[in-house]
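Here is the structure we will look at.
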Amino acid sequence: MKKKYISAGVASLIIGLSLNAQTINENMSADVELGFLNKQYDSPSDDKNFSTGIVNLTLENKFNDELKVNLGFRTNQKLYQTDNYYDDTHKETSILYDGNITYENDLVNVIVGRQWIDMEWLGYIHEAALATLKTIPDTLVTVGYTSRISFTDEDEIGTFNKDFGDAGAYIFNTNYQGIKDTSTELFYLDAPDLFNAYGLKLDYTNSIFGLTGRYAQTNEQNSNVDGDVYHFEGRYTISDLNLKAGYLVTDKDGGAGSLRKLGGNLVPFFEEGYQIYEVDAKTAYFGADYTFNDLELIALYGQTDYRNNHADELNLKFNYPITSKLTLSPVYANINSNESSYDYDIFKTYITYKF
């Protein structure tokens, strides 16, 4: 039976302080975030505990209604660690995650430089150039190029790497919403050195229920085995309760292939879940979120079977605005797996204050 060590310090406390500074002009903002994280695996001897102080600084400077410059800087400073775990696993302590020029009007939106990308299949921080065209009725067309990606999240600052090869990757995405309650999305990414990938998403959502189907495939340049993934999800709403259930399956020989290089946007879980990309992985999950007054409760549970291994994951989270400026967001996750590195409990709490 798996042991629990929550009371021994399987906890994290993220205290966020957000300041909207207007001492320079109305377009200046600064975020300051202080953090503490304890993460513990199955037994006390495997403690991976550390704490960090986090500082976020952001700046937006508008030249006019269409042109602006965005800058975002973050640093994580170690406060405490067990057995040099933080030093061994966290090589970067700071990152310029936003550094771009944005031009937007009624016809086009262009962003050039470092930026967060959150597309259907592509996520995280990129050194990229993206242009979204708005000229076609009910349709958005995005084209672009990315040279490097950084997998950065609340716990860790990642390096910028050429995960798409020296030639980078070219992006094409189109989203059509001309039929009521439906959307159709096509995606294509070409990384000439390594692979190309394409995907299709069909979605129907109304005020009561929703259905989503996704398919994506890779053509690998350096392997005879390609990857693919099928994903189906259904959703149902009863007043303030939202329910969902889904199923993902990958290729029996190639898994999801190089789709894992695109970020975690296919992963339904918000703590681990990367086993969904493995060879012959089959993942079933269901979740619920409920809103009562201002309190939002979120629960998600799923199981993945892959390569004679098994993993199941439970995620619990709630968001509560204590005041109009102070928000509390605890997160608990329990991951059970045959692989020891993916077998642990973690508890986090995010507290954010905004002036």
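The figures here come from the full heavy-atom set of this structure, side chains too, leaving out hydrogens, waters and symmetry mates.
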(message) For a side-chain contact (heavy atoms from CB on, under 4.5 Å) check, start with the C-alpha distance between R148 and F164, then their side-chain angles and the critical distance, and finish with the verdict.
(response) CA-CA 7 Å; R148 298 198 298 170; F164 306 116; over 6 Å; no
Please lay out, stage by stage, how V225 and D253 fare under the test side-chain contact (heavy atoms from CB on, under 4.5 Å). CA-CA 7 Å; V225 181; D253 297 315; 3.8 Å; yes
Would Y332 and E271 satisfy side-chain hydrogen bond (donor to acceptor under 3.5 Å, both in side chains), going step by step from the backbone distance to the final call?
CA-CA 9 Å; Y332 168 74; E271 174 57 33; over 6 Å; no
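Cluster membership for W121 and L202, using ILVMFWY side-chain heavy atoms within less than 4.5 angstrom, is not shared.
Here the side chains of I171 and L122 are in contact, with some heavy-atom distance below 4.5 Å. Here the side chains of N219 and N196 are in contact, with some heavy-atom distance below 4.5 Å. Contact annotation: the side chain of T182 never approaches that of K180 to less than 4.5 Å [non-hydrogen atoms, C-beta and beyond].
Ion pair R214/E120 flagged as a salt bridge, since at least one NZ, NE, NH1 or NH2 atom sits closer than 4.0 Å to an Asp/Glu carboxylate oxygen. Taking a cutoff of 4.0 Å between a charged side-chain nitrogen and a carboxylate oxygen, R260 and E278 qualify as a salt bridge.
Judged as a side chain to side chain donor-acceptor pair (under 3.5 Å), and not counting sequence neighbours, E156 has no contacts. With sequence neighbours excluded, the residues forming a side-chain contact (heavy atoms from CB on, under 4.5 Å) with T152 are R74, I95, I125, S150, I157, listed by chain and number. Shown here are the side-chain contact (heavy atoms from CB on, under 4.5 Å) partners of Y320, two or more places apart in sequence or in another chain: L295, F318, I322. Y145 is linked by a side-chain contact (heavy atoms from CB on, under 4.5 Å) to S147, Y170, counting only residues two or more places apart in sequence or in another chain. Shown here are the salt bridge (charged side-chain N to carboxylate O under 4.0 Å, His left out) partners of K252, two or more places apart in sequence or in another chain: there are none.
Cation-pi check for R114 over F160 is met; the charged atom lies under 6.0 angstrom from the ring centroid and within 45 degrees of its normal.
Remark: D138 CG is packed, more than 12 non-hydrogen atoms of other residues, nucleotides or ligands lying under 6.0 Å away. Heavy atoms from other residues, nucleotides or ligands lying under 6.0 Å from CG of L200 number more than 12.
Alongside Y306, the hydrophobic cluster contains no other residue (criterion: ILVMFWY side chains under 4.5 Å).
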